Chemist: 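Please find one structure pasted underneath; my questions will follow.
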Amino acid sequence: MIKKIGHKLTMIAGVVIASAGLFIGGLYIKLEGSNAAPSVNKTDNQTASGDINSHPNIIVLYASVGVMTGVGFGFTYLPSVDILKMCFDKNLGLACGIAASGTGFGQFVMAPVVNILQEHFGLSGTMFGFAAIFGASIFFCFLFSVPSSFKESAS
């Protein structure tokens with residue numbers, strides 16, 4: 001896709017697909033959770049009448065959160081690594097190391113955010129929060145540009 005539509009559009013498509021997957025997953029959990037029967041005995045997941053609670057269908061979550069979000073994240077990852085390769089000839093290893101360390105730093109920062117979202121808004125609210133946080137990164141997609149030396153050599 002990078003060769004056909006470019007780095008910027010591939011990143012934008014990735015952000016839209018990933019955010020949509022997270023939003024659909026959160027919406028499905030919210031709508032399906034409102035249909036669940038109240039739980040009396042949480043250890044065996046049965047109500048007082050003996051009926052098993054309804055839970056969200058995991059296949060829908062696999063498709064939305066797993067596949068859609070995974071494809072979207074893949075569309076955002078590859079162009080960013082490719083741009084690094086174009087911009088850094090001399091210190092490519094150092095640039096890739098600094099970029100990769102951002103992943104660990106992001107996990108360190110997001111751990112308390114996930115905990116706060118989960119406590120206050122539940123699983124569906126956490127998914128909506130992730131969709132909003134990742135959707136906000138579309139701003140950075142518009143800042144993406146291929147170095148002019150590569151634009152000239154490609155034509």
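Just so you know, these numbers come straight off a predicted model, no measurement behind them. Residue numbers run from 1 in the order of the sequence given.
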Chemist: Check whether V16 and L9 end up in the same hydrophobic cluster, where Ile, Leu, Val, Met, Phe, Trp and Tyr are linked by side-chain heavy atoms less than 4.5 Å apart.
Modeler: yes
Chemist: With sequence neighbours left out, which residue pairs that include part of residues 7-24 fulfil the side chain to side chain donor-acceptor pair (under 3.5 Å) condition?
Modeler: H7-D82
Chemist: Just so I know, are the side chains of C96 and F88 near enough to count as touching, which here means a heavy-atom distance under 4.5 Å?
Modeler: no
Chemist: Rounded to the nearest 0.5 Å, how far apart are CD1 of I83 and CD1 of I2?
Modeler: 8.0 Å
Chemist: Members other than F140 in its cluster, when Ile, Leu, Val, Met, Phe, Trp, Tyr link by side-chain heavy atoms under 4.5 Å?
Modeler: F139, L143
Chemist: According to a hydrophobic-cluster definition based on side-chain heavy atoms being under 4.5 Å apart (Ile, Leu, Val, Met, Phe, Trp, Tyr only), do M11 and V81 belong together?
Modeler: no
Chemist: Are I17 and F142 connected in the hydrophobic side-chain network, where two residues link if heavy atoms are under 4.5 Å apart?
Modeler: yes
Chemist: Test of understanding: clusters of I, L, V, M, F, W, Y form through side-chain heavy atoms closer than 4.5 Å, transitively. Do I58 and I29 belong to the same one?
Modeler: yes
Chemist: Measuring from atom CD1 of I12 to atom CD1 of I5, what distance do you get when rounded to the nearest 0.5 angstrom?
Modeler: 9.0 Å
Chemist: With a 3.5 Å cut-off and sequence neighbours excluded, list the donor-acceptor pairs that the side chains of residues 111-138 form with protein atoms.
Modeler:
| unit_1 | atom_1 | unit_2 | atom_2 | d |
| --- | --- | --- | --- | --- |
| Q118 | OE1 | T126 | OG1 | 3.4 |
| T126 | OG1 | Q118 | N | 3.3 |
| T126 | OG1 | G122 | O | 2.8 |
| S137 | OG | F134 | O | 2.5 |

Chemist: Table please: side-chain donor-acceptor pairs of residues 59-77 below 3.5 Å, with sequence neighbours left out.
Modeler:
| unit_1 | atom_1 | unit_2 | atom_2 | d |
| --- | --- | --- | --- | --- |
| S64 | OG | V60 | O | 3.1 |
| T69 | OG1 | S64 | O | 3.4 |
| T69 | OG1 | V65 | O | 3.1 |
| T76 | OG1 | F73 | O | 2.8 |

